[in-house]
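Here the structure comes first, spelled out in structure tokens, and everything after it is commentary.
Computed from a prediction, not measured in an experiment: that's the story for all the values here. Counting starts at 1 for both ligands and their atoms, following the listed order. Heavy atoms only: backbone and side chains are in, while hydrogens, waters and symmetry mates are out.
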Amino acid sequence: MKVAVIGANGQLGSDVVRAYQANGDEVQPLTHADMELSNVDAVSARLKELAPNVIVNTAAMHHVENCEKEPEKAFAVNGIGARNRASVSRDLGAVLVHVSTDYVFDGDKNAPYEESDAPRPLNVYGNTKLAGEYFVRGTTDKHFVVRTSAIYGKNPCRAKGGLNFVELMLKLARERGEVKVVDSEFVSPTPTSQIADQIVVLTASDHYGLYHATAEGQCSWHAFAKEIFQLTDTKVKLNIAGPNEFPAKVPRPKYSVLENKALKSAGLNRFKPWNEGLKDYLGV
Ligand SMILES: NC(=O)c1ccc[n+]([C@@H]2O[C@H](COP(=O)([O-])OP(=O)(O)OC[C@H]3O[C@@H](n4cnc5c(N)ncnc54)[C@H](OP(=O)(O)O)[C@@H]3O)[C@@H](O)[C@H]2O)c1
């Protein structure tokens, strides 16, 4: 298979490139320098020239504060851009994998979100990502819309400019010996290597549709930090941060746990429990 990976040097994209290469596929890695997603004509021309069988879009404008400041740009990249990639995929007869987010939900459910739950994004980022999902789903039948959450990988997240949560906790512990983390926000921390492997499994099938794709189980950020320190035998004083100690500039869901219901129904779920994924990442 010829697989074009958009966002190939990103946190998730770099693992997607590795996973398809390990699967023996021919990978066409595409970075921001190769294509600006809001430039519809340039993206169409490049993808048509490459003529892949599968297009995996991991790229997005996903810095939440920047999306709030520049909603038109966020919509151009995450919404209209997704529509463009979907129509090119349809014209090529290619399969499109479109990576989306838990931020399409408001977090008020306080129980794991299933694919059938009604989205209600709280911010511009979530709204533009949801628009992208709808454009993909309405434009091409051969799609996998893959929502994931709280991701971390060997390559740092480019939009967040530095360290993932695991590395940040270890750095703060080393430098300060004391760390404060909230215990009132819940996630399923998911290694990008597992998402990448899951995407390869999905595109080997024709079970097209909308999928939640996160590690199994859930924890608070505080419990995640505790596990990181335990597994690495890091000596640190771990405190609980008060609910208003790190006020978010933009509203975000406080409960971001997704249930991989569609993957399980199709017999395709490959995710491990979140603490097993953390062990793999840390190599312990
Ligand atoms: N990070 C999370 O916790 C999280 C959670 C849920 C879902 N997601 C979703 O997961 C996906 C991957 O996230 P990630 O952590 O791998 O992000 P990342 O490391 O920031 O990578 C994003 C990639 O997109 C590229 N990009 C950004 N704007 C672009 C544009 N206008 N045109 C072309 N390329 C552009 C970036 O290139 P440059 O850096 O060179 O601009 C980078 O290669 C995104 O779709 C995001 O919405 C992320």
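Annotation for ligand 1: atoms under 4.0 Å from non-hydrogen atoms of Leu12 are 16 (O). Residue Asn9 approaches ligand 1 through these ligand atoms, each under 4.0 Å from one of its heavy atoms: 43 (O). If you number the atoms of ligand 1 from 1 as listed, the ones under 4.0 Å from a heavy atom of Lys160 come out as 1 (N), 2 (C), 3 (O). Atoms of ligand 1 found under 4.0 Å from any heavy atom of Ala159 (numbered from 1 in listed order, with element): 20 (O). Those atoms of ligand 1 with a heavy atom of Gly7 less than 4.0 angstrom away are 43 (O). The distance from ligand 1 to the heavy atoms of Val77 drops below 4.0 Å at these ligand atoms: 31 (N). Within ligand 1, counting atoms from 1 as listed, the ones closer than 4.0 Å to a heavy atom of Thr58 are 11 (C), 12 (C), 44 (C), 45 (O). Residue Met35 has at least one heavy-atom neighbour below 4.0 Å for each of these atoms of ligand 1: 32 (N), 33 (C).
At a threshold of 4.0 Å, the pair Glu216-Lys272 does not count as salt-bridged, since none of the basic side-chain nitrogens sits closer than that to a carboxylate oxygen. Ion pair Arg252/Glu65 flagged as a salt bridge, since at least one NZ, NE, NH1 or NH2 atom sits closer than 4.0 Å to an Asp/Glu carboxylate oxygen. The pair Glu259-Lys264 counts as a salt bridge, with a side-chain nitrogen and a carboxylate oxygen less than 4.0 angstrom apart. Note on Glu114 versus Lys261: salt bridge recorded, some NZ/NE/NH1/NH2 to OD/OE distance being below 4.0 Å.
The aromatic rings of Tyr281 and Tyr152 sit perpendicular, their planes meeting at an angle over 60°, well past the 30° parallel limit.
In terms of protein heavy-atom proximity, atom 40 (O) of ligand 1 is closest to Arg158 NH2, 3.0 Å. The protein atom (non-hydrogen) at minimum distance from atom 5 (C) of ligand 1 is Ala150 N, 3.9 Å. The single protein non-hydrogen atom nearest to atom 34 (N) of ligand 1 is His32 CG, 3.4 Å, given as residue, atom name and distance.
Put simply, part of Ser100 is less than 4.0 Å from ligand 1, judged by heavy atoms. Not close to ligand 1: Thr31, with no non-hydrogen atom less than 4.0 angstrom away. At least one heavy atom of Tyr125 sits less than 4.0 Å from an atom of ligand 1.
Hydrophobic clustering of Ile, Leu, Val, Met, Phe, Trp and Tyr side chains at less than 4.5 Å, counting indirect connections, keeps Phe105 apart from Val64.
The shortest N or O to N or O distance between Ser38 and ligand 1 is not under 3.5 Å.
With respect to Val5, the side-chain contact (heavy atoms from CB on, under 4.5 Å) criterion is satisfied by exactly one of Leu30, Val17, Asn57, Ile55: Val17.
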